[in-house]
Amino acid sequence: MRFVFKTSYQQDLGLFRDGIQRNWYVALLAGLMLLPLLVPAYLVDISLVFIYGLCGLSLMVLAGYTGLVSLGHAAFLGIGAYAHVYLAQDLGLPWVVALALAAAVTAGAGVLVGLPALRMTGIYLTIATLAFALIIQEVLTHWETVTGGLRGKAVARAVIFGVSFASNEAFYFLCLAVLAAALWLTRNVLRSPTGRAWVAIRDSEIAAQSMGVNLAAYKTMAFAYSAGMMGVAGGLFAHKIGYLAPDIFTVLLSIQFLLMVVVGGLGSLHGAVFGAVFVAMLPVAISEARDAVPAWAAQVFSAFGAGAGQAVGDAVDRFVKQPALEPGVFGLILVLFILFEPRGIYGRWLKIRLYFSTFPLYKVATFKRQKVYMRSERLR
Amino acid sequence: MQLLLNGLAVGCIYGLVALGFVLIYKATELVNFAQGDLLMLGAFTCYMFVVWYHVGYWLAFALAIGLVALFGAVLDWAVLRRVIGQPQFAVVMLTIGLGAMFRSFASITWGSEIYTLPTPFSARATRIGGVTVSHEYVSIIVGTVVLCAALYALFTYTKVGVAMQAASQNQLAAYYMGIPVKRVFSLIWAISAGVATVAGVLLAPVSLIDVNLGFIGLKAFAAAVLGGFGSIPGALAGGLTIGVIELFAGTYLPQGFKDVAAYVVLLLVLAVRPQGMFGVMVRKKV
Amino acid sequence: MTLFRAEDLAIRFGGVQALDGVTFEVEPGSVFTIIGPNGAGKTTIFNLVSRIYDAGRGRLTFRGEDITHVPAHEIARRGIARTFQNIELFEHATVLDNLLLGRHTHRRSRFVEELLFLPRVRALEIEHREAAEKVIDFLDLMPYRESLIANLPYGIRKVVEMGRALCTDPALLLLDEPSSGLSVEETADMAFWIKDITGLLGITVLMVEHDMSLVSAVSDRVLALNYGRPLALGTAREVQEHPEVVRAYLGG
């Protein structure tokens with residue numbers, strides 16, 4: 001076991017626990033910056049991972065840290081994307097200004113959603129955000145002058161201060177930079193009084209109020225910050241996909257974001273990134289599996305004869321190639337994680353780390369879930 | 001007048017789905033985001049019996065209800081029982097995941113096209129006092145009334161209703177009092193799934209069956225919230241209200257408003273009077 | 001000059017008159033205890049002071065100002081802190097985080113400054129930390145500083161809750177049944193702490209309590225309630241010997 005010996009309060013305040021942790025993260029950053037040299041073919045996919053990471057971060061702040069679960073975050077992504085494209089292309093504003101304004105507009109939308117949300121708790125808030133997202137989807141479809149309606153809107157490559165970011169490498173670094181900046185800013189907020197107030201709102205609103213936390217102000221701040229970050233992600237997302245249409249920003253996308261946050265690990269910044277990697281890589285994994293599984297099944301069953309193997313291989317192939325399978329797999333993964341690993345990937349990583357650091361004294365009960373059986377205890 | 005009938009009929013469907021929500025919520029405090037997808041499964045099951053196996057309509061109806069109710073109970077036994085006592089958010093995510101799985105399953109088993117369910121009421125109408133009344137819509141309203149009467153009798157005159165309330169307030173204490181909480185919950189899920197099936201089969205002639213039929217559940221949310229999430233008559237009242245509001249929105253407001261009318265109402269209700277028409281506001285006693 | 005005054009407090013919950021005409025005053029630096037059988041309305045008074053409920057009738061005055069209709073989150077800023085009967089700590093945070101939240105009313109940084117974590121914010125955080133550490137020293141919470149609340153036993157949680165209230169640097173501290181669930185030694189510790197809070201820290205304590213030994217040990221004045229109505233007001237001994245109080249507790 002290794003103990004971290006603390007000699008000053010600054011160590012608790014710092015970004016990293018100690019020099020070793022900092023070095024790990026520096027190495028990670030260096031690795032990410034060298035990635036374009038190693039796997040140039042996957043840069044576009046990894047840029048999407050970064051953008052999803054931003055989305056996951058945004059939802060993590062709102063749902064994981066403040067406890068306001070939103071089923072409509074794809075709507076904010078849509079607002080950010082359309083606003084940025086409209087401002088940058090149709091109005092011709094400089095890229096940075098357009099992105100900042102798009103973030104501001106989305107933050108404003110977040111405040112709009114947040115205002116009625118001040119009076120709602122728990123499930124009602126979730127339903128309200130869902131309703132809001134559906135309304136926004138209709139608005140995006142019908143506001144033809146700005147969004148181009150169902151015909152969609154083409155998005156040109158980014159040009160910042162005259163420098164074109166059209167190449168995959170440039171866009172990759174742009175997304176990486178934005179994600180790193182967002183992580184740093186969010187970490188700063190979370191270790192200051194505002195972040196603590198948000199966590200207090202999540203755990204016990206009444207106690208937070210008694211300690212002087214203005215619930216309305218902080219909830220609105222959380223919504224605004226989360227939506228603003230989503231707006232920035234929206235701008236980058238628009239550039240990544242190249243063509244905007246209202247039916248990209250559906251409830252299903254919101255559910256994917258929520259999946260990202262839950263699978264990654266609720267209540268931690270690592271969780272947002274892990275979840276983003278998971279959700280972005282899942283379609284790739286599924287398509288790989290679609291090719292591999294029938295062949296594997298055929299091979300296994302060929303023990304019963306060549307004909308049986310072929311037949312099974314064909315059947316499995318037919319089953320696996322169906323397009324409708326993908327949301328089912330997402331659903332299954334979500335269900336399995338909730339049932340067996342509610343702390344998500346980051347939780348599992350913590351358990352593994354604890355296992356090795358306290359070996360051989362690890363106890364499974366350390367992470368045992370607290371179950372609350374009385375209704376009055378479950379209300380917040 | 002005919003439009004009003006249609007609106008009421010659609011409202012009845014919303015009411016039935018909302019009823020399913022409220023039943024499960026009252027008993028187990030879970031919000032079942034997969035309720036709409038259970039409706040879809042029920043409709044498909046009935047379709048399967050009628051079209052694939054050539055069973056008579058009423059028998060297929062009964063079989064579908066039984067099968068999906070059993071499925072609901074098994075779902076509770078296998079999956080939802082494990083999340084008793086966990087925070088509400090986790091359960092919401094669970095039901096969302098289950099809903100996605102149901103849609104996938106339906107698409108794989110029955111195909112992803114749009115299907116029609118032949119019923120004794122299809123495309124038949126009667127003229128009453130100068131108004132053409134379509135049998136399909138009447139069947140919806142009549143079916144809803146019959147079902148609600150049956151459920152009312154069940155909850156008022158049997159011990160199940162009291163057992164439900166006890167189990168919903170404090171599961172541990174209910175156990176100590178000898179209530180088989182797990183079985184009560186499975187029963188509630190079975191009833192709720194059955195109600196969803198009835199709604200699905202009644203809806204099928206009107207809106208045709210396809211995999212995305214379950215999205216009607218979202219509007220039923222608005223109905224449940226409007227009526228008050230803990231109130232059974234409220235769910236029905238809410239459903240009817242939403243049906244009528246949608247109708248008027250479709251008639252008098254520009255294009256596209258009809259779809260969002262339900263959600264706008266939802267947001268208004270949540271902002272102004274979160275407990276809806278008949279619900280009660282619950283807060284923690286400190 | 002009285003620190004806190006409640007005049008003719010009354011509130012109904014549906015058909016139940018939870019409080020009916022409760023009046024009392026709290027002098028600065030003293031310990032004022034409210035006693036009464038269960039359901040008498042003692043915690044309701046606290047909830048009215050914390051502005052979780054709205055009073056149907058009556059007035060609350062703190063430091064000369066009328067706080068009957070002040071928003072709930074303003075109460076802490078004015079200098080009133082409270083603990084809760086069933087502990088309302090932040091389960092998934094550490095003891096230190098809970099205490100640091102108690103410092104929220106002393107937040108002097110703005111959101112944008114926090115976003116960038118400017119040196120000013122860093123310095124303020126160190127200040128908050130030092131204030132929290134003083135409370136940790138006072139309540140002997142050093143071994144539990146980094147523990148999650150969810151892992152702590154009940155007695156320690158009660159102490160942490162009191163510590164969180166102390167971190168707000170209040171003028172008036174509301175303690176809701178501080179000794180419930182505590183053993184005899186822990187209750188004796190609590191008595192010492194309450195005496196230190198008033199004696200050393202100069203904080204006035206308004207307390208709801210059932211344990212009569214604790215009440216007699218620390219209280220300056222006692223109010224007895226039953227069914228929302230005041231029965232007796234005086235020193236601990238006077239109230240305990242009052243015939244109506246005896247009847248309320250023992251029946252007959």
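Each chain gets a letter, A, B and so on, in the order its sequence line appears, and its residues count up from 1.
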Visitor: Which pair of heavy atoms, one from A:Gly331 and one from B:Ala100, lies closest together, and at what distance?
Guide: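 A:Gly331 and B:Ala100 have their closest heavy atoms at CA-CB, 4.0 Å.
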Visitor: For B:Val269, which atoms come within 4.5 Å of any heavy atom of chain A: side chain, backbone, both, or neither?
Guide: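 Nothing of B:Val269, per the 4.5 Å heavy-atom cut-off to chain A.
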Visitor: Do B:Val92 and A:Val69 make a side-chain contact, defined as non-hydrogen atoms from C-beta onward lying under 4.5 Å apart?
Guide: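 Answer no - side chains too far apart.
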Visitor: Step by step, would you call A:Leu134 with B:Val260 a side-chain contact (heavy atoms from CB on, under 4.5 Å)?
Guide: CA-CA 7 Å; A:Leu134 289 161; B:Val260 295; 5.8 Å; no
Visitor: Residue by residue, which of residues 256-266 of chain A have a heavy atom closer than 4.5 Å to a heavy atom belonging to chain B?
Guide: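 Expected list: A:Leu258, A:Leu259, A:Val262, A:Leu266.
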Visitor: Please classify the contact between A:Val335 and chain B as side chain, backbone, both or neither, with a heavy-atom cut-off of under 4.5 Å.
Guide: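 It is both, since atoms from each part get that close.
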Visitor: Can you measure from CD1 (A:Ile127) to CZ (B:Phe221) and round to the nearest 0.5 angstrom?
Guide: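 Between atom CD1 of A:Ile127 and atom CZ of B:Phe221 there are 4.5 Å.
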Visitor: Of all the heavy-atom pairs spanning A:Ala128 and B:Leu267, show the shortest one and how long it is.
Guide: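 Here A:Ala128 and B:Leu267 meet closest at O-CD2, 3.5 Å.
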Visitor: Show the nearest heavy-atom pair for residues B:Leu266 and A:Ala131, with the distance to one decimal.
Guide: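 Residues B:Leu266 and A:Ala131, closest heavy atoms: CD2-CB, 3.4 Å.
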Visitor: Answer with side chain, backbone, both or neither: which region of B:Val211 has an atom nearer than 4.5 Å to a non-hydrogen atom of chain A?
Guide: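 Looking at B:Val211, nothing touches chain A.
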Visitor: Does any backbone or side-chain atom of B:Ile108 lie under 4.5 Å from a heavy atom of chain A? Answer side chain, backbone, both or neither.
Guide: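 Both parts, backbone and side chain.
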Visitor: Nearest 0.5 Å, please: how far is CZ in A:Phe330 from CE in B:Met101?
Guide: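 The CE atom of B:Met101 sits 14.0 Å away from the CZ atom of A:Phe330.
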Visitor: Among B:Ile96, B:Leu94, B:Val264, single out the residue with the greatest number of heavy-atom pairs under 4.5 Å to chain A.
Guide: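 Of the options given, most contacts go to B:Leu94.
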Visitor: Could you look at B:Leu218 and say if it's the side chain, the backbone, both or neither that has a heavy atom under 4.5 Å from chain A?
Guide: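 It is the side chain, since no backbone atom gets that close.
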Visitor: Using heavy-atom distances under 4.5 Å, tell me whether B:Phe33 contacts chain A through its side chain, its backbone, both, or neither.
Guide: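 It is the side chain, since no backbone atom gets that close.
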Visitor: I'd like to know which of A:Leu334, A:Leu125, A:Val113 tops the heavy-atom pair count under 4.5 Å against chain B.
Guide: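 The residue among A:Leu334, A:Leu125, A:Val113 with the greatest pair count is A:Leu334.
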Visitor: Considering only heavy atoms, which portion of A:Leu71 lies under 4.5 Å from any heavy atom of chain B: side chain, backbone, both, or neither?
Guide: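 When you check distances to chain B, only side chain atoms of A:Leu71 fall under 4.5 Å.
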Visitor: What part of A:Leu252 lies closer than 4.5 angstrom to a heavy atom of chain B: side chain, backbone, both or neither?
Guide: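 When you check distances to chain B, only side chain atoms of A:Leu252 fall under 4.5 Å.
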